[in-house]
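Working notes for the structure below.
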Amino acid sequence: MEEVFFKDWKSIGHVVLSTVIAFITLFFFLRISGKRTLAKLNAFDFVVTVALGSTLSYMMLAMVPLAEGAIVLFLIIALQYIFAWIARSSKKMERLLNAVPSLIYYNGEFIEHNMAKEAVTRDEIFSMIRNSGIDQIDDVKAVVMELNGQITVVRKSKGSGGSSLDDVLA
């Protein structure tokens with residue numbers, strides 16, 4: 001129990017140095033990899049975010065050598081781009097890798113089977129409608145559960161025939 005709070009100054013110095021180097025390495029990789037790595041677009045991007053954080057913590061705590069950790073960070077980011085490229089190249093792979101938006105309310109009707117699939121309640125939909133600044137549900141054309149889990153409320157357009165279902169899910 002003597003090493004619970006403090007081992008020695010050498011260990012502290014090692015963790016400080018590892019943290020600084022690991023942080024700079026991840027920052028460098030994120031800058032060259034672009035915005036996609038930072039986005040939370042879908043389940044795959046969430047997995048990438050968790051894997052990056054986990055790897056970074058191991059590097060910072062000197063649980064893996066910095067060079068090995070840097071290779072893992074690079075591979076995670078590279079795999080994300082490879083899978084994104086594959087998804088762009090093939091509709092089948094895109095459907096396999098990415099979720100699709102789910103219509104959970106449309107033209108005055110709750111779509112119960114989609115609500116059950118997405119584990120969304122009517123109260124949550126009402127809350128999102130209010131958060132969108134709409135005080136009458138009659139003003140809502142559609143409510144969509146997006147790829148990243150966010151809920152989008154689409155307002156009925158004034159005077160026009162309204163948007164089509166394809167416009168809502170686009």
Side-chain angles (χ1 to χ4, degrees), residues 19 22-61 72-170:
T19 299
F23 184 84
I24 290 169
T25 302
L26 180 61
F27 180 77
F28 174 73
F29 283 154
L30 291 177
R31 286 296 287 160
I32 62 173
S33 69
K35 296 174 186 151
R36 167 85 191 199
T37 305
L38 298 174
K40 289 187 175 59
L41 300 174
N42 55 41
F44 183 71
D45 295 323
F46 176 75
V47 169
V48 168
T49 301
V50 170
L52 287 172
S54 178
T55 302
L56 185 65
S57 70
Y58 275 95
M59 291 171 69
M60 289 177 166
L61 294 171
V72 171
L73 292 175
F74 173 78
L75 288 174
I76 292 168
I77 293 168
L79 285 169
Q80 181 187 32
Y81 273 89
I82 290 168
F83 278 89
W85 180 81
I86 290 169
R88 279 194 312 270
S89 302
S90 163
K91 279 288 184 193
K92 286 182 182 178
M93 286 303 292
E94 180 181 14
R95 282 193 302 273
L96 178 67
L97 294 174
N98 295 325
V100 295
S102 293
L103 196 59
I104 54 179
Y105 176 89
Y106 187 70
N107 271 346
E109 298 290 325
F110 289 94
I111 318 253
E112 297 290 341
H113 66 277
N114 285 352
M115 289 171 57
K117 183 177 86 173
E118 301 296 347
V120 176
T121 66
R122 286 179 181 229
D123 286 340
E124 289 170 321
I125 293 173
F126 290 137
S127 175
M128 292 310 297
I129 291 169
R130 288 190 303 274
N131 286 336
S132 296
I134 300 173
D135 60 357
Q136 297 291 322
I137 196 162
D138 293 337
D139 294 336
V140 175
K141 178 72 172 181
V143 180
V144 179
M145 173 73 81
E146 301 292 354
L147 301 176
N148 62 1
Q150 291 183 323
I151 295 177
T152 300
V153 177
V154 179
R155 183 186 289 270
K156 286 182 181 175
S157 52
K158 305 246 190 242
S160 69
S163 55
S164 73
L165 181 57
D166 290 335
D167 293 336
V168 169
L169 292 177

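Everything quoted here is computed from the prediction, not taken from an experiment.
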So salt bridge (charged side-chain N to carboxylate O under 4.0 Å, His left out) across residues 72-86, not counting sequence neighbours, yields none
Rounded to the nearest 0.5 angstrom, the CD1-CG distance for Ile151 and Asn131 is 10.0 Å
Those residues at least two apart in sequence (or on a different chain) that pass side-chain contact (heavy atoms from CB on, under 4.5 Å) with Glu109 are none
| request: Report yes if the side chains of Met59 and Leu73 come closer than 4.5 Å at any heavy-atom pair, otherwise no. | output: yes
Applying salt bridge (Lys or Arg N to Asp or Glu O under 4.0 Å) to Glu118 and not counting sequence neighbours gives none
Rounded to the nearest 0.5 angstrom, the CG-OG1 distance for Leu56 and Thr25 is 9.0 Å
So salt bridge (charged side-chain N to carboxylate O under 4.0 Å, His left out) across residues 72-81, not counting sequence neighbours, yields none
Residues at least two apart in sequence or cross-chain that pass side-chain contact (heavy atoms from CB on, under 4.5 Å) with Ser57, listed by chain then number, are none
Taken in chain and number order and not counting sequence neighbours, the residues that satisfy side-chain hydrogen bond (donor to acceptor under 3.5 Å, both in side chains) with Asp139 are none
Residue set satisfying side-chain contact (heavy atoms from CB on, under 4.5 Å) with Ile86, at least two apart, ordered chain then number -> Ile82, Met93
Residues at least two apart in sequence or cross-chain that pass salt bridge (Lys or Arg N to Asp or Glu O under 4.0 Å) with Lys92, listed by chain then number, are none
dist Ile137:CD1 -> Ile129:CD1 (nearest 0.5 Å) comes out at 4.0 Å
Applied to residues 119-152, the ring-ring contact (aromatic ring centres under 6.0 Å, His included) test, sequence neighbours excluded, yields Phe110-Phe126
Notebook entry, point to check: Is a side-chain donor or acceptor of Asn114 paired with a backbone partner of Leu103 at a separation under 3.5 angstrom?
Noted result: yes
In short, Tyr106 meets Ile111 closest at the heavy-atom pair CB-CD1, 4.2 Å
Within the structure provided, determine whether Ile76 and Phe29 are in side-chain contact (heavy-atom separation under 4.5 Å). no
dist Ile104:CD1 -> Met128:CE (nearest 0.5 Å) comes out at 9.0 Å
Under 3.5 Å donor-acceptor, Thr55 side chain and Ala51 backbone: yes
With sequence neighbours left out, the residues meeting salt bridge (Lys or Arg N to Asp or Glu O under 4.0 Å) with Arg130 are none
In this structure, CG of Leu61 is separated from OG1 of Thr19 (nearest 0.5 Å) by 6.5 Å
Sequence neighbours excluded, the answer for side-chain hydrogen bond (donor to acceptor under 3.5 Å, both in side chains) partners of Gln136 is none
Taken to the nearest 0.5 Å, the spacing of Lys156 NZ from Ile134 CD1 works out to 10.5 Å
Residues at least two apart in sequence or cross-chain that pass ring pair (Phe, Tyr, Trp, His ring centres under 6.0 Å) with Tyr58, listed by chain then number, are none
Heavy-atom neighbours of Glu112 CD exceed 12 at 6.0 Å: yes
